[in-house]
Structures are given as structure tokens and as C-alpha cells.
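For reference, the structure is listed below as C-alpha cells.
What you are looking at is a predicted structure, and each value in this text was computed from that prediction instead of being measured.
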Amino acid sequence: MKFWSQTFIPTLKETPSDAEITSHKLLLRAGLVRKLGGGLYTFMPAGLRVLQKISQLCREEMDREGGIELAMPHVHPVENWEQGPRWPAAREIMYRVDHAGAGKGRSKEPEFVLGPTHEEVITPLVKSEITSYRDLPKNFYQITTKFRNEIRPRYGLMRAREFIMKDAYSFDATDEGAVESYHKMKRAYTAFFNRCGLKTISVEADTGVMGGSFSHEFMVPAPIGDDDVVYCDASGYAANREKATSGIVPADLADAAPVGALEEFATPGVVTIAALAAAPYGVPADQQFKTLVYMGDGKPFLVILRGSDDLEEAKLGALGFQLWRTATPEEIEPVMGAKPGSLGAVAGTIRNPTALAGVFADHAIKLVGNGTTGANKDGFHLRRVNVARDLAITSWGDFRRVREGEPCPKSGQPLKIARAIEVGHVFKLGTKYSDKFGAVFTDANKQSHPMVMGCYGIGISRTLQAVIEQSNDADGIIWPWSVAPWQVLVVNLDPQDAAASEMAKKLAAAAEAAGADVLVDDRAERPGVKFKDADLIGLPLRLTVGGRGLKEGIVEMKWRAGKDVKKIPLADAEQIIAQAVRTAAGLA
RNA sequence: CGGGGUGUAGCUUAGCCUGGUAGAGCGCCUGGUUUGGGACCAGGAGGUCGUAGGUUCGAAUCCUAUCGCCCCGACCA
């Protein structure tokens with residue numbers, strides 16, 4: 001048992017002004033963390049306990065599915081990253097570490113980076129250590145601090161520069177094996193989040209910088225989330241908005257026959273979809289083609305969408321570029337022949353079509369059939385543009401952003417969209433990393449193959465905050481039994497009184513013997529302060545010992561999540577408490 | 001990086017517009033009274049007003065720059 005006076009739980013009556021969301025406020029007010037700088041937090045004693053409990057649950061679930069724990073360095077030689085498949089994209093989020101005296105030496109400046117994840121470390125390791133199919137599959141994991149130079153740290157631990165993550169890497173001999181490893185991890189994640197008392201939904205996700213063939217994210221629905229989840233209750237379809245599709249695009253290209261010859265018309269000053277939709281032109285947005293110019297690994301390419309649709313930028317990842325961004329007007333004009341606002345993809349109107357890396361069309365433009373687009377001549381547009389006849393399309397894809405209410409691709413029912421926080425992510429990577437690093441093995445037929453990989457992350461510190469975000473009330477945190485810093489709080493209202501202190505210790509010992517972690521509030525504070533703090537720090541079970549109760553021959557028992565205060569007779573108290581603890585632990 | 005906001009005691013903040021010796025509440029220290037839901041009385045400590053320039057007889061207040069932090073957008077567990 002721990003006495004409050006012997007540890008350090010600096011609670012705050014007032015909310016620090018730099019916290020905005022509930023969980024961040026409670027982290028600070030309950031004395032769980034303190035800020036060092038933007039996205040940098042000290043875990044205070046109680047916060048550290050929660051972190052350790054969550055880590056332990058994670059460890060147990062990983063081990064259950066065959067995970068093997070190890071610990072890799074935080075400082076990585078930059079060469080590992082230069083060799084890896086995602087250096088151009090990853091370098092921007094990595095902190096660089098130069099050794100003392102860098103730049104003074106005669107040879108090339110050694111350079112290190114702080115690890116944002118560890119594919120570039122584990123893959124070379126496995127390459128040199130594992131060469132036979134007999135040693136596969138393997139799944140290595142660790143729970144460590146990760147470093148990312150976040151563009152914008154925010155919401156306390158939700159998006160930090162330095163955070164705790166569980167990362168795992170699976171290596172299989174076959175694709176089927178990799179799929180099996182992937183499902184084991186999905187299972188482990190589901191079990192882990194359940195044990196943390198966290199309601200999550202798993203959604204299809206974009207693979208992003210990671211690369212890889214498919215992935216799922218574990219999301220906690222919350223209005224402050226960074227992601228939009230698109231879902232359908234009827235079919236169970238759920239996907240990150242970056243990845244989500246809708247059933248809105250059934251049209252066949254053949255249905256849209258040309259309706260006449262192309263015609264150019266003057267549109268002085270019209271540079272937006274909305275302006276062309278307004279009088280005097282009156283071309284509805286969904287009858288326009290929107291032409292966007294992007295730069296992919298240094299070369300321009302076009303994306304064509306319905307005028308009424310928005311681009312979902314993450315979907316451009318399917319095009320195979322390492323890096324992409326919107327093109328600047330200076331880059332656009334020499335290629336297209338016009339400034340943004342008058343652009344189009346009609347073959348023959350593009351000034352320098354050979355400069356383009358491709359023209360990529362969203363399926364939804366089939367719904368337009370014949371529409372209006374820019375003439376690649378400032379102040380002019382073209383009408384009666386036919387998709388099949390006039391547009392110089394390299395390939396088709398899904399690039400549009402899904403909107404709420406569009407039909408579900410599975411059930412046809414209206415899709416819903418909700419904000420959510422990503423707390424876990426599983427990727428099937430394939431051989432992207434093993435190819436790059438030469439992580440190969442020899443099979444039974446003496447043939448050499450690249451290992452098939454997967455990688456799996458859980459934001460441990462983020463999970464901690466997500467639990468608070470999901471489990472609190474106006475008075476403070478309501479910890480689930482499984483991750484509470486302590487599970488039982490014995491409030492001694494009269495710590496100067498020997499009998500009360502004796503009883504408090506006795507009850508604490510009984511709870512502890514039954515398997516609970518116990519905190520005893522022995523501070524010389526007024527009762528009001530102690531009750532307020534008890535609610536704020538949110539331990540699941542509260543026992544109250546005071547002179548008044550002792551005179552009556554009772555102590556009080558109250559669950560943080562409930563309202564009832566039970567008076568229990570002193571004679572039965574130890575037994576009742578032990579029973580309550582066992583029951584709660586059994587539920588956890 | 002773009003847009004918006006903000007910086008005054010450990011915390012929450014007033015004062016700034018309209019320049020004139022920096023105020024309060026909480027917390028902290030001392031003494032007393034209290035004692036079952038953030039007590040009361042009396043006394044006390046604590047602030048180069050983010051930093052640097054400038055304007056002015058005089059700057060927390062006006063101007064410029066700079067830094068930190070918070071919020072909105074693009075990236076991530």
C-alpha cells in the first residue's frame with residue numbers, strides 16, 4: 001500500500017490555461033503529467049503507474065500471440081534510413097542528432113537520427129540473424145519511446161514529439177503466413193484495447209508513408225480526433241476517410257456518348273467551380289471537370305475530378321510516387337498554358353503534354369459524361385467535353401473524398417462520418433523492406449525468398465489519454481480497474497486519530513491481500529479536499545474511514561463510477577472489501 | 001509552414017483601448033478558530049508584467065522585432 005503523503009500527486013483545483021480538451025485537462029489536474037515544452041511531458045508518479053499497467057497489458061497480449069520482446073536503440077545511424085524505402089518522406093519527421101564535434105573531423109560527418117519507428121533497424125537485424133525458413137515466422141516487439149518532429153504537437157499526449165509506442169514486426173516465409181501473423185496481431189489488439197476498458201472500432205486504413213498492402217486502424221471515437229471514420233451500421237463497413245469509398249460510382253463510360261462538338265467560350269475572370277456554376281454561365285458543379293496539378297517526385301501530373309467533388313489527397317499514394325504536393329502556379333503555366341482556374345485535360349489543349357507524368361481520372365467523372373472544363377487558355381472554357389472522346393486519361397482511380405450520406409459501397413445505406421483518435425495500426429507490409437535490405441531466407445527447396453513482413457503499432461501513451469477521454473465525468477477521471485494507478489483509495493478523514501489510522505491500514509491490507517493496488521489518503525486535509533481529490537484522480541473503489549463512521553461502527557464503500565455510498569459494518573468490512581476487489585478484478 | 005489568438009506571482013486572472021509608483025482569488029508560510037464534499041479570521045512571503053529594441057519627462061499599457069504557448073488546416077501511434 002502507498003500513502004498519499006509518501007508519494008507525489010500534485011492535483012490542481014484550476015485548469016491550466018494551455019489545456020483545451022477534457023482528457024488533457026484531467027491529465028494535468030489529476031497530477032499525472034507535467035509539461036516540459038510543446039509535445040514533451042513528464043510522467044508524474046501516478047501517471048507512470050498507469051503507463052506501466054497499460055504496457056503490461058500490452059505485453060501480455062503480445063506474448064499470448066507469440067510476440068518476442070526486445071529493445072532496440074533510440075539513436076539510429078542515418079545510413080539505415082538512407083537504405084530504407086521511405087527515406088524521402090520519413091526524413092522530414094525525424095530529429096537529427098549530430099555527435100559532438102560533428103563537422104570538425106576530416107571524414108564524412110557522422111549523422112544519427114532519433115527513431116520514429118524501427119523497420120530500418122529490425123529488418124537488417126533479422127537479415128543477418130535469420131536465414132532459414134526453419135526460423136520463421138518470428139514476431140519481434142518492443143515498448144519504447146519514439147521521437148517524431150510533429151508538425152503540430154497538440155492535445156497533451158495525443159500528439160506528442162516524444163511518446164511511448166509498442167511496435168512489432170513480423171517476418172514470415174509465405175504470404176499466407178504473413179496474413180496469419182496480421183490476424184494474430186489484430187486479435188491481440190482487440191484483446192488489449194478491451195482489457196484497457198477502451199471502446200475501439202477497427203477500420204480499413206491508408207498505408208501512408210509506411211507503404212504495404214493493407215492495413216487496419218484501431219480508432220477511439222471522439223470529437224477531438226484527428227481522423228474521420230466513415231462507417232455504415234447496416235453493413236459493418238468502416239474505413240478511414242483517407243481510404244473510404246462510396247457506392248456512388250456505378251456509371252459505365254459507354255453510357256456517356258458525345259452530345260456534340262467541343263465549343264470554346266469566353267469566361268473572363270472565372271477561376272472557380274462556383275463562379276462557373278453561377279450566372280450567367282450556370283454550369284452546375286457536377287457537370288464540370290476539375291483539373292488539379294500535382295508534382296510527383298518532381299514531375300507534374302494531373303488529377304481530374306467532378307467539379308462537385310473534393311480530392312482525397314491520401315489516395316494519390318496509389319499512384320506510386322514517393323512524394324507529392326500541389327504544383328505552384330509557376331510550375332503549372334508552362335506545362336498547361338494557363339493559370340489555375342482555366343485548366344483542363346482535353347487532349348490537344350495542354351501546351352506541353354510530354355512533361356506530364358500522367359493524367360489520372362477519378363471514376364466519378366463518368367457520371368459527368370459530357371461537361372465543361374478549362375480550355376488551358378486564361379479566360380476560356382470548353383463545353384461539350386466528352387470523357388471518352390476528349391480527355392487524355394492515363395489511368396483511372398478512386399481519388400475523391402467521400403461525403404456523409406453517400407451510399408455505402410456494401411449496403412447502399414447512407415454512410416456516416418465520425419471523428420476518431422487512432423490508437424493502433426496494423427500493416428501488412430509485404431516485401432517492401434525485406435527487398436530493400438535483402439532480408440531473405442532459404443526455403444526447403446534451397447530457394448531464396450524475401451521475408452514477408454508486417455508491422456504493428458500501438459500508441460501506449462496515447463491510449464492512456466484516450467482512456468481518460470472516454471471515461472470521465474464533471475468531477476474527474478473514472479479509471480477502469482485494469483489500468484487505474486491504484487484500484488482502491490482508502491480515505492482516512494482523521495489521520496491524526498490512532499483508531500482511524502489503524503482501521504485505514506487494516507482495510508487497505510485487506511484490499512491488497514485480495515489483489516488490489518491501494519492508495520491511502522493520510523494527508524492532513526479537510527474532508528472536502530480529500531473527496532474532491534478522490535473524485536478527480538478517479539480510483540475505482542473508495543473506502544472512507546472517519547471518526548464519525550467509527551462511532552457508528554461502519555466504514556463507507558463507494559464505486560467511483562456509481563452514486564451509492566454503502567455503509568458496511570466494521571466486523572464484516574475486511575471480508576466485504578476483499579470480495580468487492582475480487583469481483584472487480586474478475587471483471588477486468 | 002499558412003491563418004487566428006495569447007504571454008502579468010506556482011495556478012486562474014484584472015489592469016492595456018484612453019501611458020503616471022502592479023491588483024485580486026486560489027495555492028504557499030505563521031498564529032488562532034474550525035473539522036464528513038475544495039473552511040474562517042489575522043498576519044506574511046512571492047512579479048526585471050516572455051525577451052530585445054524604439055517612442056516618451058515617464059511604458060504592463062503605444063510601435064517594431066523576436067521567442068514560447070494555445071487553437072484551426074496539411075502528417076502520424
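Residue A:Gly459 is in base contact, counting any heavy-atom pair closer than 4.0 Å across all strands shown. Using a 4.0 Å heavy-atom criterion, one finds that A:Leu493 contacts the bases of the nucleic acid, with or without backbone contacts as well. Counting any heavy atom pair closer than 4.0 Å across all strands shown, A:Arg523 reaches no nucleic acid atom. Within 4.0 Å of A:Val423, counting heavy atoms only, lie sugar-phosphate atoms of the nucleic acid but no base atom. No contact: A:Arg34 has no heavy atom under 4.0 Å from any strand. Residue contacts for A:Thr463: at a heavy-atom cut-off of 4.0 Å it reaches no nucleic acid atom on any strand shown. Here A:Glu313 lies out of heavy-atom contact (under 4.0 Å) with every strand. Residue A:Ala160 is in base contact, counting any heavy-atom pair closer than 4.0 Å across all strands shown. Nucleic acid contact for A:Asp535: base, since at least one base atom lies under 4.0 Å from a heavy atom of the residue. The residue A:Asp226 sits close to a base: some heavy atom pair falls under 4.0 Å.
Using Watson-Crick or G-U wobble geometry with both donor-acceptor distances under 3.5 Å, B:rG7 finds its partner in B:rC67. In this entry B:rC62 has B:rG54 as its Watson-Crick or G-U wobble partner, both defining distances falling under 3.5 Å. Figure legend. B:rU30 is base-paired to B:rA42; pairs are counted as Watson-Crick or G-U wobble with both atom distances under 3.5 Å. If you check B:rU35 for Watson-Crick or wobble pairing at under 3.5 angstrom, you find it has no partner at all. When both pairing distances are held under 3.5 Å, B:rC75 makes no Watson-Crick or G-U pair with any nucleotide shown.
Taking the six-membered ring for Trp and the full ring otherwise, A:Tyr95 and A:Phe147 have centroids separated by 6.0 Å or more.
The residues A:Lys558 and A:Asp564 are annotated as not salt-bridged, no charged nitrogen and carboxylate oxygen being separated by less than 4.0 angstrom. Checked for salt-bridge contact, A:Arg325 and A:Glu331 meet the test: a charged N lies under 4.0 Å from a carboxylate O.
For the P atoms, the distance from B:rA77 to B:rC63 is 44 Å, rounded to whole Å. For the P atoms, the distance linking B:rA39 with B:rU6 amounts to 34 Å, nearest Å. Spacing of C1' atoms, B:rU12 relative to B:rC28, comes out at 16 Å, to the nearest Å. Between the C1' atoms of B:rG2 and B:rA60, the separation comes to 31 Å (whole Å). A gap of 14 Å separates the P atoms of B:rG4 and B:rA65, to the nearest Å. Taking atom P in both B:rC75 and B:rG10, one finds a spacing of 40 Å when rounded to whole Å. Look at the C1' atom in both B:rA45 and B:rG50: the space between them is 24 Å, to the nearest Å. A gap of 13 Å separates the C1' atoms of B:rC49 and B:rA14, to the nearest Å.
The closest side-chain donor-acceptor pair between A:Asp63 and A:Tyr141 falls under 3.5 angstrom. Side chain to side chain, A:Thr117 and A:Glu119 meet the donor-acceptor criterion of an N or O pair below 3.5 Å.
Although no hydrogens or angles enter the test, the distance criterion places no donor-acceptor pair under 3.5 Å between the side chain of A:Trp81 and the main chain of A:His76. Without hydrogens or angle criteria, A:His118 side chain to A:Gln142 main chain gives no donor-acceptor distance under 3.5 Å. With A:Arg462 contributing its side chain and A:Met158 its backbone, the two residues share a donor-acceptor pair below 3.5 Å.
The separation between A:Leu311 atom CG and B:rA74 atom P is 12 Å, rounded to whole Å. Atom pair A:Lys530:NZ and B:rU35:P shows a separation of 16 Å (rounding to whole Å applied). Between the CG atom of A:Leu12 and the C1' atom of B:rG25 there is a distance of 15 Å, rounded to whole Å. Following rounding to the nearest Å, A:Trp324 (CH2) and B:rA74 (P) show an atom-to-atom distance of 15 Å. Between the NZ atom of A:Lys146 and the C1' atom of B:rC75 there is a distance of 18 Å, rounded to whole Å. Between A:Ile421 atom CD1 and B:rC75 atom C1' the separation is 17 Å, expressed in whole Å. Atom C1' of nucleotide B:rG10 and atom CG of A:Leu28 are separated by 14 Å, given to the nearest angstrom. Distance, A:Phe193 CZ to B:rA77 P: 12 Å, rounded to whole Å.
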For nucleotides 68-72 of chain B, list the nitrogen or oxygen atoms of the protein found under 3.5 Å from its nitrogen or oxygen atoms, one pair per line.
residue, atom, partner, partner atom, Å
B:rC69, OP1, A:Gly38, N, 2.9
B:rC69, O3', A:Lys35, NZ, 2.9
B:rC72, OP1, A:Tyr155, OH, 2.4
B:rC72, OP2, A:Arg152, NH1, 3.4
B:rC72, OP2, A:Arg152, NH2, 2.9
B:rC72, OP2, A:Arg154, NH1, 3.1
B:rC72, N4, A:Arg152, NE, 3.4

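Residue A:Arg401 is tested with A:Glu313, A:Glu242, A:Glu312 for a salt bridge (charged side-chain N to carboxylate O under 4.0 Å, His left out); the sole match is A:Glu312. With A:Asp310 as the fixed residue, the salt bridge (charged side-chain N to carboxylate O under 4.0 Å, His left out) test singles out one of A:Lys290, A:Lys315, A:Arg400: A:Lys290.
Side chain A:Glu14 to base B:rG27: no donor-acceptor pair is found below 3.5 Å. Not a single donor-acceptor contact under 3.5 angstrom links the side-chain atoms of A:Arg548 to the base of B:rG37.
In this structure, A:Phe163 counts as stacked on the base of B:rA77 under the 5.5 Å centre distance and 30° plane angle limits.
In this structure, A:Pro16 and A:Val565 both approach RNA chain B, and ranking their closest nucleotides by distance from the 5' end singles out A:Pro16. Nearest-nucleotide assignment on RNA chain B puts the 5′-proximal partner with A:Arg542, out of A:Arg159 and A:Arg542.
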Under 3.5 Å, which donor-acceptor pairs do the side chains of residues 522-536 of chain A form with other protein atoms, sequence neighbours left out?
residue, atom, partner, partner atom, Å
A:Asp522, OD1, A:Trp4, N, 3.4
A:Asp522, OD1, A:Ser5, N, 2.9
A:Asp522, OD1, A:Ser5, OG, 3.2
A:Asp522, OD2, A:Ser5, OG, 2.6
A:Arg523, NE, A:Asp521, OD1, 3.0
A:Arg523, NH1, A:Asp533, OD2, 3.1
A:Arg523, NH2, A:Asp521, OD2, 3.1
A:Arg523, NH2, A:Asp533, OD2, 3.0
A:Lys530, NZ, A:Asn492, O, 2.6
A:Lys530, NZ, A:Asp521, O, 3.1
A:Lys530, NZ, A:Arg523, O, 2.6
A:Asp533, OD1, A:Thr11, OG1, 3.0
A:Asp533, OD2, A:Thr11, OG1, 3.4

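Contact annotation: A:Arg526 reaches the phosphate of B:rA39 (side-chain N/O to OP1 or OP2, under 4.0 Å). Note on A:Lys13: a side-chain N or O is less than 4.0 Å away from OP1 or OP2 of B:rG27.
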